[in-house]
Amino acid sequence: MASRIPLSPTTAIIPLSIKAFTKCPQATYLFTSPSPNSPSLRYGFKRKVPPPSSASRSNVVVSEQVIESLTTSDSTQVSQSTPSTPSSSSKLVLVVGGTGGVGQLVVASLLTRNIKSRLLLRNPEKAATLFGKQDEEKLQVRQGDTRNPEDLDPSIFEGVTHVICCTGTTAFPSRRWDGDNTPERVDWEGVKNLVSALPSSLKRIVLVTSVGVTKSNELPWSVMNLFGVLKYKKMGEDFVRNSGLPYTIIRPGRLTDGPYTSYDLNTLLQATAGERRAVVVGQGDKLVGEVSRLVVAEACIQVLDFDFTQSQIYEINSVKGEGPGSDPEKWEELFKAAQKSLATL
């Protein structure tokens, strides 16, 4: 049975302050809210974001003033609930899909944590638009397309310690499928090509897929899988699991909050999870529901620092409530509780 841990409100290292998104009627969702009896543990996640102004769109360079305001806002809550901004890290994290809905939030969070990052993008110009001009010591950009193996030159992976892959496309035919951007090409062939090119020295690859990948023939998942998106995501998962590389797989529910794909970095740093800040983590592909993209991005970064999350698959949802923010101790407890719950079933 799920256990609840009461928490005071927390503010993440990147306190994202944006306008909460209006929840759509439940009847329009493929997924329902998780059962209180699901084998998972709840925490919360606090971030807010105002709609981007024309000024914020034009100001894409992260200034010291912006970072200072982010790390000192709600100072009382920060001092009580979250650690201070981490010092420079020895990691070099390659983010694949870094201009997508989850990926850009991963990059923004890595930048505020002073974790050196490298982006693999089909169109490198998008990086400057979203993240501004960054020092190469903080953010590097390489051009490449995971759908084309010849693009994945070994130099792209030189020095990389960790990979976060959050590529994806729509489940149903849309404009995003233009240019051969289908689930088969992105979620299967792209993942296979990427993993095949990674060095054996890699410390971890984190792959973002979806809940329901093991139930693609069952309702409601069979509806979502009409064009094969769950099937191809599961094939990508299996390839990662059999690659011999250290991995963690994150399976989010229906994604909410964003995507902020036309926003600049200053706006991303104010993104919000609205009222759905409580985090539900499970295992065994039993969760159904929704999850904030902010929560997914935070989970991808958090698992990198926990050895016990290696070779694990986690499903993640978010519901109304407060929770872990970017506090590693609370995330550690969430992940461990999910594993313990699965072991007792």
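Positions are given from 1 along the sequence.
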So, applying side-chain contact (heavy atoms from CB on, under 4.5 Å) with Val95, which one of Val206, Leu121, Leu119 is it? Leu119
Basic-acidic side-chain contact under 4.0 Å: Arg241, Glu237: no
What pair of heavy atoms forms the shortest contact from Thr169 to Pro183, and how long is it? CG2-N, 3.5 Å
Polar side-chain atom of Gln134 near backbone of Gln140 as donor-acceptor pair, under 3.5 Å: no
Taking only Lys NZ, Arg NE, NH1 and NH2, and the carboxylate oxygens of Asp or Glu, determine whether Arg113 and Glu298 approach each other closer than 4.0 Å. yes
Check this for me: does any side-chain nitrogen of one of Arg147 and Glu189 sit under 4.0 Å from a carboxylate oxygen of the other? no
For Tyr314, the option from Thr309, Leu334, Ile249 that meets side-chain contact (heavy atoms from CB on, under 4.5 Å): Thr309
Under 3.5 Å, is there a donor-acceptor pair between the side chain of Asn225 and the main chain of Leu230? yes
Heavy-atom donor-acceptor pair, Trp331 side chain to Gly325 backbone, under 3.5 Å: yes
Under a 3.5 Å distance rule, please check whether Asp327 uses its side chain to pair with a backbone N or O of Glu329 as donor and acceptor. yes
Between Gln302 (side chain) and Glu332 (backbone), is there a donor-acceptor pair under 3.5 Å? no
Give me the atom names and distance for the closest heavy-atom approach of Arg204 to Val303. NH1-O, 3.2 Å
Checking Asn242 side chain against Asp238 main chain: does a donor-acceptor pair fall under 3.5 Å? yes
For Tyr232, does its backbone N or O pair with a side-chain atom of Asp187 as donor and acceptor, under 3.5 Å? no
Which residue is it: Leu194, Leu207, Thr209? I am looking for the one with a side-chain contact (heavy atoms from CB on, under 4.5 Å) to Val240. Leu207
Distance-minimising heavy-atom pair for Gln339 and Gln312: OE1-CG, 3.6 Å
Less than 4.0 Å between a side-chain N and a carboxylate O, is that true for Asp305 and Lys91? yes
Main-chain N/O of Ser109 paired with Thr112 side-chain donor or acceptor, under 3.5 Å: yes
Side chain Arg176, main chain Gly168, donor-acceptor under 3.5 Å: yes
Any donor and acceptor pair, going by atom type alone, linking the side chain of Arg118 with main-chain N or O of Ile156 inside 3.5 Å? yes
Nearest heavy-atom pair of Leu198 and Val163: which atoms, and what distance? CD2-CG2, 3.8 Å
